[in-house]
J.: 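Below you'll find the structure I mean.
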Amino acid sequence: MPISMHEISEWYGEVVERAGLAEHSPVRGCMTIKPYGWALWENIQRPLDEAFKATGHQNAYFPLFIPLSFLAKEAQHVEGFAQECAVVTHYRIQTDSISKTVAPDPEAQLEEPLVVRPTSETIIWHAFKNWIHSYRDLPLLINQWANVVRWEKRPRLFLRTAEFLWQEGHTAHATAEEAMAEARQMLEIYADFVQRYLAIPVVKGRKTPTERFAGAVETFTIETLLIDGKALQAGTSHFLGQNFAKAFDVQFLNKENQLEYVWATSWGVSTRLIGATILSHGDEKGLVLPPYVAPIQIVVIPIWRNEEERTSVVEQAFTLAKALQQKGIRVKVDDDPQHRPGWKFNEWELRGVPIRVALGPRDLEAQTVELAWRHTGEKTTHPQDDLVRQAQSWLERIQVALYERAKARIDKQTYRVDSYPEMKEILESKGGFVLAHWDGTSETELAIKEETGATIRCIPLEAPLEEGTCVYTGRPSTQRVLFAKAY
RNA sequence: CGAGGCGUAGCGCAGCCCGGUAGCGCACCUGCUUUGGGAGCAGGGGGUCAGCGGUUCAAAUCCGCUCGCCUCGACCA
């Protein structure tokens with residue numbers, strides 16, 4: 001594993017590009033997601049989508065463009081996003097055949113500029129006003145899969161791109177309790193997905209007021225720690241109170257025939273999860289993908305010395321692959337004659353395939369295969385029958401092993417700290433999660449951020465209450481909070 | 001937006017200081033031999049040297065301006 005943060009950011013960019021996940025596009029901050037990266041995203045989308053539907057949500061789609069005035073309807077919301085909005089001002093371009101230039105046609109200026117959605121609360125709440133009239137219309141549980149644009153100043157592939165893909169859930173409820181329960185439920189769904197499918201341990205918590213989503217009353221988050229010691233917010237779920245209902249005047253008649261504003265939530269995870277996966281499990285050879293989401297779970301590499309061997313080895317490779325496929329395993333036979341086995345070994349390791357199967361003349365003779373485990377590098381020889389029979393459980397075992405390995409890493413990078421100098425020293429030298437007491441004020445939080453670069457990632461939900469004194473001011477505190485430098 | 005670095009073939013780079021035929025590795029095409037950890041040999045194709053302007057007989061090279069990219073900061077739900 002690379003050591004310094006600087007090395008890791010170079011390693012990261014190189015892995016993303018060389019593994020064929022994505023590449024930079026002509027537009028700064030925007031990326032082209034390549035087939036392998038897209039396949040990974042599809043494997044992330046599918047189980048999430050199923051989980052949303054299993055809890056009563058329905059998919060819908062709302063427009064990419066939002067009238068500028070909509071954003072302004074919720075004061076905190078617009079303030080939170082104003083700095084990073086792309087705006088459409090014209091609907092036609094002018095061409096000049098002589099100078100061969102094109103430019104927006106000044107005659108074709110929009111009366112009201114359109115914001116390219118940075119998130120869809122406003123356009124969705126505009127629609128919800130017409131969808132909600134009675135308590136019988138509630139709860140309204142909507143999700144959309146979409147792209148959004150936030151004009152980030154310092155983009156990074158997957159982790160922070162100007163355009164990114166995500167899902168955003170938007171729900172409306174009759175009571176605050178119900179909306180809060182929804183926000184908590186979605187947090188649990190995210191935590192469960194990220195831990196089980198991506199094998200990434202997370203800390204569930206609440207955001208402090210400073211870190212809260214613009215327009216939310218309460219923001220819940222799952223936070224993880226990447227291999228370079230920096231924290232990443234992997235998903236968020238917001239209790240929006242009645243802020244958007246009031247801004248967009250969405251009221252319903254309750255059973256007593258009285259008008260009430262609805263209570264809301266919104267929640268989302270994005271293609272950032274791909275970045276989190278890369279930076280949770282990767283090593284010096286490249287990607288290490290968790291089997292549940294790996295586009296290819298097993299790659300079979302036939303090895304031959306002559307045409308005759310090639311025919312029989314490739315045939316057996318496809319026979320094995322078919323048997324594995326029938327067990328529901330995503331498998332690829334790499335019989336490309338362009339490259340030799342050694343090249344393929346390196347290539348599929350770079351691309352993070354969990355199990356590699358090598359099949360050569362020796363194996364054909366002995367009815368065996370050579371297996372190589374991506375996450376440990378270990379190589380073993382097994383009867384071909386075992387492969388087919390046990391592959392599924394091997395993949396399960398790798399999935400668990402990756403989680404446990406990441407958990408052990410994060411535990412090791414998590415420090416309980418009671419003195420401010422110690423906290424500063426840790427954050428500066430090695431990064432990581434720092435659990436420390438905090439007096440609960442934004443002033444202290446900002447001062448610590450100013451001096452150390454670290455922010456409060458969350459107030460953990462499952463941490464025990466514990467009497468203590470603020471690491472910065474010495475004032476009383478009842479719980480440790482999680483500090484870290486973040487992406 | 002600040003600080004550093006960099007723009008030369010698809011990718012990675014040398015050449016620039018000291019002006020004079022645009023090169024190397026990988027990739028690509030053809031052929032043969034190879035194939036259990038990134039194959040070898042031979043032949044071949046591919047360039048507005050980021051752009052614009054200046055100096056000069058002559059500019060990838062010197063000077064000026066512009067644009068873009070990367071890393072680190074600031075910013076970021």
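Below, chains carry the letters A, B, ... as their sequence lines are ordered, and counting in each starts from 1. These values consider heavy atoms only, across backbone and side chains, with no hydrogens, waters or symmetry-generated copies.
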J.: Rounding to an integer number of Å, can you tell me how far A:E84 CD sits from B:rA74 C1'?
T.: 14 Å
J.: Does B:rG38 have a Watson-Crick or wobble mate here (both distances under 3.5 Å), and if so which one?
T.: none
J.: Without decimals, in angstroms, what is the distance between A:D335 CG and B:rU35 C1'?
T.: 13 Å
J.: Both distances under 3.5 Å, Watson-Crick or G-U wobble: report the partner of B:rU56, or none.
T.: none
J.: As a test of understanding, state which of A:H170, A:H238, A:H57 forms a ring pair (Phe, Tyr, Trp, His ring centres under 6.0 Å) with A:W267.
T.: A:H57
J.: Contact class for A:Q83 vs. all strands (heavy atom < 4.0 Å): base, sugar-phosphate, or nothing?
T.: nothing
J.: Are A:E445 and A:Y472 close enough that a side-chain donor and a side-chain acceptor fall under 3.5 Å?
T.: no
J.: Give none if B:rA50 has no partner; otherwise give the nucleotide forming a Watson-Crick or G-U wobble pair with it, both distances under 3.5 Å.
T.: B:rU66
J.: Does NZ or CZ of A:K34 fall inside the cone over A:Y36's six-membered ring, less than 6.0 Å from its centre and within 45° of the axis?
T.: no
J.: Could you tell me how far apart A:I456 (CD1) and B:rC76 (C1') are, to the nearest whole angstrom?
T.: 17 Å
J.: Do A:K344 and B:rG36 have a side chain to base donor-acceptor pair shorter than 3.5 Å?
T.: no
J.: Hunt down the Watson-Crick or G-U wobble partner of B:rG45, both distances under 3.5 Å, from any strand shown, or write none.
T.: none
J.: Without decimals, in angstroms, what is the distance between A:N346 CG and B:rA27 P?
T.: 14 Å
J.: Should A:L359 and A:Q384 count as side-chain neighbours, where that means a heavy-atom distance under 4.5 Å?
T.: yes
J.: What is the base-pairing partner of B:rC75, counting Watson-Crick and G-U wobble geometry with both distances under 3.5 Å?
T.: none
J.: Grab the NE2-P distance between A:H24 and B:rG10 for me, whole Å please.
T.: 18 Å
J.: Below the 4.0 Å mark, does B:rG36 have OP1 or OP2 next to a side-chain nitrogen or oxygen of A:R362?
T.: no
J.: Write down the distance between CZ (A:R28) and P (B:rC1), rounded to a whole number of angstrom.
T.: 10 Å
J.: Using the C1' atom on both, measure B:rC24 against B:rG47 and round to a whole Å.
T.: 15 Å
J.: From the set B:rC72, B:rG36, B:rG37, return the single nucleotide nearest to any side-chain atom of A:A358.
T.: B:rG36
J.: Between B:rU21 and B:rU34, how far is it from one P atom to the other, in whole Å?
T.: 44 Å
J.: Grab the CZ-P distance between A:R160 and B:rC76 for me, whole Å please.
T.: 11 Å
J.: How far, in whole Å, is B:rG68 from B:rC52 if one measures between their C1' atoms?
T.: 14 Å
J.: With both distances under 3.5 Å as the test, what is the Watson-Crick or G-U wobble partner of B:rG25?
T.: B:rC11
J.: Parallel, tilted or perpendicular for A:F164 and A:W166, by the 30°/60° rule?
T.: perpendicular
J.: If we take the P atom in both B:rG43 and B:rG36, what is their distance in whole Å?
T.: 26 Å
J.: Heavy atoms only, 4.0 Å cut-off, all strands: where does A:A214 land among base, sugar-phosphate and nothing?
T.: sugar-phosphate
J.: Which listed nucleotide (B:rC76, B:rG37, B:rU35) is nearest to the side chain of A:F345?
T.: B:rG37
J.: Look at the side chain of A:R340 and decide which nucleotide, out of B:rC76, B:rA39, B:rG37, has an atom nearest to it.
T.: B:rA39
J.: What distance do A:F70 atom CZ and A:F248 atom CZ have between them, rounded to the nearest 0.5 Å?
T.: 6.0 Å
J.: Look at the side chain of A:E347 and decide which nucleotide, out of B:rG36, B:rU71, B:rG38, has an atom nearest to it.
T.: B:rG38
J.: Taking the side chain of A:E349 as its heavy atoms from C-beta onward, which of B:rG38, B:rC76, B:rG37 lies nearest to it?
T.: B:rG37
J.: Ignoring the backbone of A:K379, work out which of B:rG36, B:rG38, B:rG37 is nearest its side chain.
T.: B:rG37
J.: Distance only, no hydrogens: is a donor on one side chain within 3.5 Å (strictly under) of an acceptor on the other, for A:T381 and A:E370?
T.: no
J.: What's A:K285 touching, base or sugar-phosphate or nothing? Going by heavy atoms closer than 4.0 Å.
T.: nothing
J.: Taking only the C1' atom of each, what is the distance from B:rG51 to B:rC67 in whole angstrom?
T.: 7 Å
J.: Would you kindly compare A:Y487 and A:G29 by the position of their nearest RNA chain B nucleotide and give the one closer to the 5′ end?
T.: A:G29
J.: Round to the nearest Å and state the distance from A:R154 atom CZ to B:rA74 atom C1'.
T.: 10 Å
J.: Output the single nucleotide from B:rU35, B:rC72, B:rC75 whose closest atom is nearest the side chain of A:W304.
T.: B:rU35
J.: Select base, sugar-phosphate, or nothing to describe what A:E211 touches, counting heavy atoms under 4.0 Å on all strands.
T.: sugar-phosphate
